[in-house]
Each structure stands twice: as structure tokens, then as C-alpha cells.
Amino acid sequence: MKTILTGKTREVIIDTGGPVVIIGESINPTRRKKLVATLQERNFEYLLELAGSQIKSGADVLDVNVGFPGVDDEKLLPEAVIAIQNSFDIPLCLDSPNPKAIEAALKVAAGKCLINSVNGKESSVNALLSVAREYGAAIIGLCMDDEGITNDPEKRLRIAGKIIERAIRIGIKPEDVIIDPLAMAVSADPQACIVTLETIKLVHHKLGHNITLGSSNISFGLPDRESLNASFMAVSILYGLTCPIANPDKITPFVRATDLILGRDDFAVRFVEHFQSRT
């Protein structure tokens with residue numbers, strides 16, 4: 001199954017049988033005081049610096065989150081989208097819990113965006129699926145619903161199926177629903193990664209959809225997060241992960257290596273090109 005995203009002219013194909021697509025996570029004010037301060041001033045210089053560095057490090061898509069306490073994201077998110085697309089030709093993943101902010105950003109965005117995200121809660125399904133359909137966007141479906149986050153992979157699978165079914169019912173193409181099986185901190189729950197990996201396998205084999213997740217979520221509170229994230233990423237890719245949301249500066253070398261090992265990089269072309277670009 002192929003999900004196609006576009007920037008002004010650039011096309012990115014997320015393919016369940018192809019190499020991994022990296023969605024850069026760094027445009028997010030959480031734990032980034034400088035980004036909060038500059039966004040409050042409507043100064044996009046640092047945001048563009050983050051965008052450019054992620055693209056150079058291997059990001060294929062950029063997640064754009066401008067949420068912080070007191071922000072008017074209905075105004076700020078579209079302004080950020082315009083600033084990025086005036087400087088870079090890359091597909092965007094619009095990241096906000098506010099459907100009105102998502103819609104405002106889609107109105108000004110060039111190309112086909114990805115929405116991050118809808119979940120199985122009725123309020124979320126009703127608010128965002130119609131927006132995705134109206135603007136021709138793809139959408140991420142989180143495996144949680146009105147009962148919260150379950151630790152049962154089969155239940156997460158059913159939530160994913162519900163979101164896909166509802167999306168198709170209102171006219172969204174199946175390939176435009178990407179599933180997020182939810183990655184939780186393994187420091188808080190020793191079985192957290194196992195549950196996520198089992199969900200990835202189920203979604204991959206039973207639904208056949210592209211799969212994303214916030215790969216760094218699993219390592220909160222632990223030392224050497226980079227090694228832990230890389231190990232989890234490699235296993236997740238083997239099981240069916242196709243487009244992680246991650247820090248490309250940290251994770252791209254491991255993604256390229258995993259693609260090469262799994263036979264998705266003929267003659268190691270992408271692996272070698274990545275390291276040549278860093279010299």
C-alpha cells in the first residue's frame with residue numbers, strides 16, 4: 001500500500017514494501033524554550049533552521065507543531081506552514097489537537113499534507129476525518145479511543161480498523177490512513193515495547209496499512225536514549241513500521257542501515273549517499 005504526500009512539487013511515497021520514510025520531529029516547542037520564545041515573537045528564523053537541519057539529516061517529511069500554553073495556533077500554524085514552504089519544498093505533517101488550526105493550515109498549504117492525528121474517540125473522528133476529506137489530506141490514526149490506551153494489541157488493532165472503516169465510509173482512500181500503534185515509555189511499563197511491536201505486526205499483516213509512531217517516546221527517563229531508540233526502531237521496521245516520527249540527525253544512520261539489511265537498498269546506494277552527504 002502506498003501513501004503519497006507532496007510539497008510544492010516534491011513527491012514522497014510511503015510504501016509498505018519500500019524503504020523507510022522519516023518524518024522529522026524537531027519542530028515541536030516541547031522542551032525547546034528557544035522555539036517557544038521565537039514563535040511568540042512571530043520570528044520564524046529558528047523554526048526554519050530546524051527545518052533545514054532536519055532535511056539535511058535525512059527527513060523526507062516535516063512534522064510541524066507550534067503548540068504551547070497560550071498560543072493561538074489557528075493563526076500561528078498556518079503562518080509557520082507558509083514560512084516553511086516559502087523556503088523548502090517538502091511535504092508537511094500538521095500536528096495539533098485543534099481541528100480549527102489544522103484546517104487553517106490546510107487552507108494555505110501547498111501539496112498534500114499529513115494530519116497528526118485522529119484517534120478512535122468519537123469527538124476526534126467526527127472533527128478531523130471530514131477535514132482530511134475536504135482538503136485531500138492523509139491522516140494518522142492513533143490506536144486509542146474513549147476508553148483510553150489499552151495494553152491489548154488486539155484491541156489496538158480493532159481501534160485501527162474502526163478508524164480506517166470510518167475514514168473509508170466518508171470518502172477517504174484507504175491508503176491515506178496511516179496507523180500509529182502508540183509507543184509508550186518502557187521505563188514506566190516493561191511490556192510497553194512488546195505491546196507496540198505486537199500491534200505493529202497485527203496492523204501490518206491484517207490491515208496492510210502504512211505505520212508510524214513517535215519513536216523516541218519509548219526511552220523517556222532512561223540513559224543513552226539514542227541506542228535504545230535505534231534498537232527499537234530496527235525491530236519495528238522489521239515488523240512493519242514504514243514512516244517513524246523521529247529526530248533524523250539521530251536516527252537516519254540506523255534507518256538506512258536497517259533498510260540495507262532488509263534488502264531495500266540495492267547496492268547500498270542510499271546508505272552510502274547518506275554518509276557522503278555528511279562529509
Side-chain angles (χ1 to χ4, degrees), residues 1-7 10-28 51 54-55 57-65 88 90-95 109 111-119 132 136-143 156 160 163-164 167 172-183 196-197 199-205 207-218 229-230 232-262 264-265 270-271 274:
M1 186 177 289
K2 296 181 180 181
T3 306
I4 300 174
L5 305 177
T6 59
R10 183 184 176 193
E11 180 180 271
V12 170
I13 300 174
I14 307 171
D15 186 348
T16 50
V20 172
V21 167
I22 298 174
I23 303 174
E25 71 175 6
S26 298
I27 301 176
N28 187 323
Q54 290 184 98
I55 293 168
S57 295
D60 304 290
V61 178
L62 294 180
D63 188 82
V64 185
N65 184 328
F88 305 102
I90 188 169
L92 301 180
C93 176
L94 307 177
D95 188 349
K112 179 179 177 180
C113 297
L114 178 62
I115 297 173
N116 187 10
S117 58
V118 68
N119 59 57
I139 195 160
I140 293 172
L142 285 172
C143 293
R156 291 191 188 185
I163 294 170
I164 294 166
I172 296 173
K173 296 178 181 178
E175 61 268 26
D176 283 340
V177 183
I178 296 174
I179 297 301
D180 185 337
L182 291 176
T196 301
L197 291 170
T199 306
I200 291 172
K201 283 200 295 185
L202 287 170
V203 170
H204 178 66
H205 290 294
L207 300 178
H209 280 243
N210 279 302
I211 298 170
T212 187
L213 50 75
S215 61
S216 62
N217 294 353
I218 62 117
N229 292 341
F232 178 69
M233 180 79 71
V235 181
S236 297
I237 292 169
L238 175 64
Y239 283 7
L241 176 68
T242 56
C243 50
I245 300 173
N247 182 344
D249 187 53
K250 302 294 185 183
I251 214 71
T252 300
F254 302 103
V255 169
R256 294 288 186 270
T258 305
D259 276 338
L260 176 58
I261 290 167
L262 294 177
R264 298 171 177 172
D265 183 7
R270 296 177 79 240
F271 183 78
H274 171 71

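Values below: every heavy atom of this structure, side chains too, minus hydrogens, waters and symmetry copies.
Counting only heavy atoms from C-beta outward, the side chains of T3 and K173 never approach each other to under 4.5 Å. Put simply, the side chain of I178 reaches to within 4.5 Å of the side chain of C243, judged on heavy atoms. Between V118 and I163, the closest side-chain pair of non-hydrogen atoms falls below 4.5 Å. Side-chain contact check for I237 versus R264: some heavy-atom pair is nearer than 4.5 Å. At least one side-chain heavy atom of L213 sits under 4.5 Å from a side-chain heavy atom of I200. Residues K2 and I14 are not in side-chain contact: their nearest non-hydrogen atoms beyond the backbone lie 4.5 Å or more apart. Within the 4.5 Å cutoff, side-chain heavy atoms of L262 are placed close to those of L238. By the 4.5 Å heavy-atom criterion applied to side chains, T212 and T242 are not counted as neighbours.
The two residues D265 and F271 make their nearest non-hydrogen contact at OD2-N, 2.8 Å. Taking each heavy atom of I251 and A246 in turn, the nearest pair found is CG2-CB, 3.7 Å. Among all heavy-atom pairs drawn from C93 and V61, the shortest one is N-CG1, 4.0 Å. Of all non-hydrogen atoms in I211 and G240, the two that sit nearest each other are CD1-O, 3.6 Å. Residues L207 and A160 share a closest heavy-atom pair of CD1-CB, 3.9 Å. Between I23 and L114 the shortest heavy-atom distance is CD1-CD2, 4.0 Å.
For the atom pair OG1 (T16) and CG (N210), the distance works out to 5.5 Å, reported to the nearest 0.5 Å. Rounding to the nearest 0.5 Å places CG of L5 at 10.5 Å from CD1 of I90. Interatomic distance, M233 CE to I218 CD1, rounded to the nearest 0.5 Å: 9.0 Å. Rounded to the nearest 0.5 Å, atoms NZ (K250) and CD (E25) are 11.0 Å apart. Between atom CG of residue L241 and atom CD1 of residue I179 there is a gap of 13.0 Å, rounded to the nearest 0.5 Å.
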Q | V64 and D95: CA distance, side-chain angles, deciding distance, side chain to side chain contact (heavy atoms under 4.5 Å, CB included) verdict | A | CA-CA 6 Å; V64 185; D95 188 349; 5.9 Å; no

Q: Test side chain to side chain contact (heavy atoms under 4.5 Å, CB included) on T252 and R256 and set out the steps.
A: CA-CA 6 Å; T252 300; R256 294 288 186 270; 4.0 Å; yes

Q: Apply the test side-chain hydrogen bond (donor to acceptor under 3.5 Å, both in side chains) to residues S215 and N229: give CA-CA distance (whole Å), side-chain angles for both, the deciding distance (0.1 Å), then the verdict.
A: CA-CA 6 Å; S215 61; N229 292 341; 5.7 Å; no

Q. Should K201 and Y239 be marked as a side chain to side chain contact (heavy atoms under 4.5 Å, CB included) after you check the CA-CA gap, both sets of side-chain angles, and the distance that decides it?
A. CA-CA 5 Å; K201 283 200 295 185; Y239 283 7; 3.3 Å; yes

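For D63, there are no salt bridge (charged side-chain N to carboxylate O under 4.0 Å, His left out) partners two or more places apart in sequence or in a different chain. Contacts of D60 classified as salt bridge (charged side-chain N to carboxylate O under 4.0 Å, His left out), with partners at least two apart in sequence or in another chain: R10. Residues satisfying the ring-ring contact (aromatic ring centres under 6.0 Å, His included) criterion with F88, sequence neighbours excluded, are absent altogether.
Side chain of T6 to backbone of K112: a donor-acceptor contact under 3.5 angstrom is found. Side-chain atoms of H209 come within 3.5 Å of backbone atoms of P174 as a donor-acceptor pair (strictly under, hydrogens ignored). Between the T196 side chain and the L182 main chain, a donor and an acceptor come within less than 3.5 Å of each other. A donor-acceptor distance shorter than 3.5 angstrom exists from the side chain of Q54 to the backbone of S26, with no hydrogens or angles considered.
Residue I245 forms a side-chain contact (heavy atoms from CB on, under 4.5 Å) with just one option from I22, N217, I140, D180, and that option is I140.
Salt bridge status for D259 with R270: present, with a side-chain N to carboxylate O gap under 4.0 Å.
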